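In the text below, chain A, chain B and the rest are named by the order of the sequence lines, each starting its count at 1. Every value quoted in this text rests on a predicted model; they were computed, and no experiment measured them.
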2 protein chains.
Amino acid sequence: MGVEKAFGFVLSTRRKELGLNQEELAFRCKLDRTFISLLERGKRQPSLDTIFKLAKELQMSPSELIKEVEDVFGN
Amino acid sequence: MGVEKAFGFVLSTRRKELGLNQEELAFRCKLDRTFISLLERGKRQPSLDTIFKLAKELQMSPSELIKEVEDVFGN
DNA sequence: TTGTAGACTAACGTCGACA
DNA sequence: CTGTCGACGTTAGTCTACA
């Protein structure tokens, strides 16, 4: 499947749980809205720094975020 | 400090715990030795894919690896 | 064994615009 | 509100080589 796809799924799901749209999340993370779009569709991979930024605004720890990615990815 | 520095410290420490040199770790991860060197000194950041590759050969889950980075980073 | 350097390709991440 | 496109600058990651 590719770990980017798993990441995209987790990101999209968690964002919606918090009632945020892509634009709002992007603003809070100081990232570009179009890049959030690419990440959610598994077209791009986040760097370590981006993982930390996203986790913070998704109100979870980076390790929790990665844990969910692992679970979706199936290792 | 920067999250790359924290990552580099964790990577270096864990690698030595396992008695691996940079070259051996790089080979197992299918990464370049010089890039491992850059990562350990906090000069470069890993992507999500690289985090997963490294974690596997460091015999820990990606989320455990990131957890240690968080602890060193201090959030 | 590790750090460093230079040159290179691919991908990250930004930005403006439009359906 | 989201996907997509094109253009762009920066950085991840490779490779060869030398101290």
Side-chain angles (χ1 to χ4, degrees), chain A residues 1-63 65-66 68-70 72-73, chain B residues 1-63 65-66 68-70 72-73:
Chain A
M1 182 192 190
V3 65
E4 334 86 23
K5 294 285 186 188
F7 185 86
F9 177 78
V10 171
L11 175 57
S12 176
T13 303
R14 181 66 182 150
R15 174 179 62 76
K16 290 168 186 166
E17 277 177 14
L18 295 174
L20 296 172
N21 59 34
Q22 292 180 346
E23 195 164 13
E24 182 63 28
L25 178 61
F27 175 76
R28 295 188 188 189
C29 298
K30 292 171 186 167
L31 289 172
D32 198 84
R33 181 189 66 78
T34 63
F35 187 56
I36 302 289
S37 175
L38 290 166
L39 285 176
E40 290 195 356
R41 284 173 294 122
K43 300 293 185 182
R44 288 288 186 278
Q45 277 198 73
S47 68
L48 182 63
D49 192 57
T50 299
I51 290 168
F52 271 65
K53 285 184 191 171
L54 286 168
K56 181 176 182 183
E57 301 307 327
L58 293 174
Q59 300 175 34
M60 55 203 309
S61 69
S63 57
L65 176 56
I66 298 302
E68 292 202 5
V69 176
E70 284 171 34
V72 171
F73 186 50
Chain B
M1 183 188 192
V3 65
E4 333 86 24
K5 294 285 186 188
F7 186 86
F9 176 78
V10 171
L11 175 57
S12 176
T13 303
R14 182 65 183 150
R15 174 179 62 78
K16 290 168 187 166
E17 277 177 13
L18 295 175
L20 296 173
N21 59 34
Q22 291 181 348
E23 195 164 12
E24 182 63 28
L25 177 61
F27 175 76
R28 296 189 188 188
C29 297
K30 293 172 187 168
L31 289 173
D32 198 83
R33 181 189 65 79
T34 64
F35 187 55
I36 303 290
S37 175
L38 290 167
L39 285 176
E40 289 195 358
R41 285 172 294 124
K43 301 291 186 183
R44 288 287 187 278
Q45 280 200 66
S47 68
L48 182 64
D49 193 56
T50 298
I51 290 168
F52 271 65
K53 285 185 191 170
L54 287 168
K56 182 175 182 183
E57 300 308 327
L58 293 174
Q59 300 174 32
M60 55 203 308
S61 69
S63 57
L65 176 57
I66 298 302
E68 292 202 6
V69 176
E70 283 172 35
V72 170
F73 187 49

A.B. asks: For DNA chain D, whose closest nucleotide is more 5', that of B:Lys30 or that of A:Ile36?
C.D. replies: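 Closest to the 5' end, via its nearest nucleotide, is A:Ile36.
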A.B. asks: Take atom CD1 of B:Ile51 and atom P of D:dA12, then tell me their distance rounded to the nearest Å.
C.D. replies: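 Taking CD1 of B:Ile51 and P of D:dA12, I get 11 Å after rounding.
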A.B. asks: Want to settle it: does B:Glu40 or A:Lys43 sit nearer the 5' end of DNA chain C, counting the closest nucleotide to each?
C.D. replies: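 That would be B:Glu40.
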A.B. asks: Applying a 4.0 Å non-hydrogen cut-off, can you work out what B:Asn21 is touching in the nucleic acid: base, sugar-phosphate, or nothing?
C.D. replies: sugar-phosphate
A.B. asks: Check the distance between D:dA12's P and B:Lys53's NZ and give it to me in whole angstrom.
C.D. replies: 15 Å
A.B. asks: Would you indicate, yes or no, if C:dG3 has its OP1 or OP2 atom less than 4.0 angstrom from a side-chain nitrogen or oxygen of B:Ser37?
C.D. replies: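 Yes, B:Ser37 has a side-chain N/O under 4.0 Å of OP1/OP2 on C:dG3.
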A.B. asks: To the nearest 0.5 Å, what is the distance between OG1 on B:Thr50 and CZ on B:Phe7?
C.D. replies: 8.0 Å
A.B. asks: With a 4.0 Å cut-off on heavy atoms, is A:Leu38 in touch with a base, just the backbone sugar-phosphate, or nothing at all?
C.D. replies: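 A:Leu38: no heavy atom of the nucleic acid under 4.0 Å.
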A.B. asks: Rounded to the nearest 0.5 Å, what separates atom CD in A:Glu24 from atom CG in A:Leu18?
C.D. replies: 11.0 Å
A.B. asks: Check the distance between D:dC1's P and A:Phe27's CZ and give it to me in whole angstrom.
C.D. replies: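 In whole Å, D:dC1 P and A:Phe27 CZ are 15 Å from each other.
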A.B. asks: Any side-chain N or O of A:Arg44 under 4.0 Å from OP1/OP2 of C:dC12?
C.D. replies: yes
A.B. asks: For the side chain of A:Gln45, starting at C-beta, report the closest nucleotide among D:dG13, C:dG13, C:dC12.
C.D. replies: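 Among the listed nucleotides, the one closest to the side chain of A:Gln45 is C:dC12.
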A.B. asks: By nearest nucleotide on DNA chain D, pick out whichever of B:Leu48 and B:Arg33 is the more 5' one.
C.D. replies: B:Leu48
A.B. asks: Counting only side-chain N and O atoms of A:Thr34, is one of them less than 4.0 Å from OP1 or OP2 of C:dG13?
C.D. replies: no
A.B. asks: Any side-chain donor-acceptor pair under 3.5 Å between A:Asp32 and A:Thr34?
C.D. replies: yes
A.B. asks: Roughly how far, to the nearest 0.5 Å, is the NZ atom of B:Lys53 from the CG atom of B:Leu48?
C.D. replies: 11.5 Å
A.B. asks: From CG of A:Asp32 over to P of D:dG3, roughly how many Å is that when rounded to an integer?
C.D. replies: 13 Å
A.B. asks: Counting just side-chain N and O atoms, does A:Arg15 come under 4.0 Å of either OP1 or OP2 of D:dT2?
C.D. replies: yes
